[in-house]
Amino acid sequence: MPNVDSLLHSDVSKVLLQVLLVLVIGFVVSRLVVRWLPLRRLHPQHQLIASRLIKYGIATATIVFILRAVGVDLSVLLGAAGILTVAIGFASQTSASNLISGLFLMAEQPFVIGDIVTVGDSTGEVVSIELLSVRLKTFDNQLIRIPNESMLKSNVTNVTHFPIRRLDMILRLSFDEDLARVRKLLSAVADHNPICLEEPKPTFLYLGLGASWVDFRFSVWATRENFLAMRNSIFEEVLAALTREGIRMPSPDLTVREVRPAPVVPAELT
Amino acid sequence: MSNEPNTSPIWWGLFELEELDQVYHWHVGPLSLWARRRWGEWWLAHQSTDDLTTSDFEPMHEVAEDDVPPTAKVSEYAVSGNLPDLRFEARLADRPVVTRPYKQFAIPAGEEVVLFVASPLWAVIHSDEPRRELCDIPFYRPSDTWFGPTNADGELCYAAKTHCHVRIAEGQVRSHRATTAVTIRNRASDLLVLERLKLPVDTLAAYLGADRRVWTQDITMTRTERGEYAQMVVNEEAPRHALEPVRLIEPRRPHIKNAVMRAFSTLFA
């Protein structure tokens, strides 16, 4: 029966001790590095990705040390890994492209978590920015997963990037209306609404003349937080003000003429 | 309550609502307030009008619950204390206030002018023992406005409903407004054509004068170079235009001493 002393001094036990030591050191180092690095300066999503990359890197180095400690010939593994890498590379071109696109998106930061973005036909709130994709939650509570490569190639509209937004109302008035009076009325409506910004000032822009009407755009501003509330309230107030002043939206004015053919006079038979 | 033409009633202080389930009413300028006490609960309602010039005042009195208009904003608060006391405090605006001169005027290089700006007060209501802040209500809700060089860069402020003047506003003192004396010094080499002025009212303290006018600390803005920036200095002493001032309101947030800030929105002369 082998005694404890011989067990402790055998090669196997030395290797086991080395392996254990490397595991413990690797675990402790990965924890300490993540804690000591100034990751708190990064966005929470970037903190998560950075800490994961650091932990995976240290775990890989730990495994390499352990394999060398137990005497595994790494050159064989590296050779196999090389062949495997080529195969995986061909198979994962899209994933690699998404991964690299994700890194570019993180560096450029066209949007952050919580922003409302429109990509193509999809509009939603950014709920996560992952290594391979961005996830949006639509207003009717659906989840859209957009690969990072698509995000990088597409026109992305960040609706909530700037602190204030403009609302455009297209209105139509008949030629009979006093346009100056309507402008004054609408300015008073905007002035009366406290969440409608005083500056930038509300603006009027005449868009064109129709068959019996004039189109114009009335634009007002609000903070992005108040935008929806202002949008609803200002439409109600504009309609109420126009109704109160007897100003109606014009209906199309058509003139119908009936054209009767000339009466047929029978030729006299001779 | 005083009815003298140049004084205004004091609306802040401690009020005892003796009866449970009884609605009490206050009316101060444009703001109407209602309160009702229940066991472990406060019910508050408020409503403002657009008439900023009104000096109407009704001290605390009992009303029927049906007298509360349906358009009033109502809120209820659960509290641990059961004392019948409500404390009203005055506070200044919670954002900077932007004002315009009544007429655009220019301040030549080397000149200085003193402007008087009015801004609305807020009524802060606390329950007592333990003291808990229940709500923070403006006497009238000023409009939001953006102050900055572009629509992407700037700050959200309130737009003062009244213009700034070079003389103290004449007529009756309003108990729901505070007045700030702003000295603008143009030490730059060009004309300053003043279009809009931003006052960091949220960083100021305020005093009550003997005439019951509320004065904030005096501000001096010194423009030393071309552009819209000025160095702002808040006078830590009592406002010099106030009669026998007594400190009434503490700042909502501390001001940065000698800060250089974008203070003017100007036209190019």
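As the structure is a prediction and not an experimental result, all values here were calculated from the model. Below, read A as the first sequence line, B as the second, and so on, with proteins coming before strands; counting in each chain starts at 1.
- Residues forming a ring-ring contact (aromatic ring centres under 6.0 Å, His included) with A:Phe104 (at least two apart in sequence, or on another chain): none.
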What are the sub-3.5 Å donor-acceptor pairs between chain B and chain A, distances to 0.1 Å?
from: B:Asp50; atom 1: OD2; to: A:His192; atom 2: NE2; distance (Å): 2.6
from: B:Arg100; atom 1: NH2; to: A:Glu199; atom 2: OE2; distance (Å): 2.2
from: B:Asp144; atom 1: N; to: A:Pro194; atom 2: O; distance (Å): 2.9
from: B:Asp144; atom 1: O; to: A:Glu198; atom 2: N; distance (Å): 2.9
from: B:Thr145; atom 1: OG1; to: A:Glu199; atom 2: N; distance (Å): 3.0
from: B:Trp146; atom 1: N; to: A:Glu199; atom 2: O; distance (Å): 2.9

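- For B:Trp26 and B:Phe57, the distance between ring centers is not under 6.0 angstrom.
- With sequence neighbours excluded, no residue forms a salt bridge (Lys or Arg N to Asp or Glu O under 4.0 Å) with B:Asp56.
- Nearest heavy-atom pair across A:Leu99 and A:Leu132 is N-CD2, 3.9 Å.
- Rounding to the nearest 0.5 Å gives a distance of 9.0 Å between CD of B:Glu111 and CZ of B:Arg187.
- Under the side-chain contact (heavy atoms from CB on, under 4.5 Å) criterion, B:Ala106 pairs with B:Leu191, B:Val193, not counting sequence neighbours.
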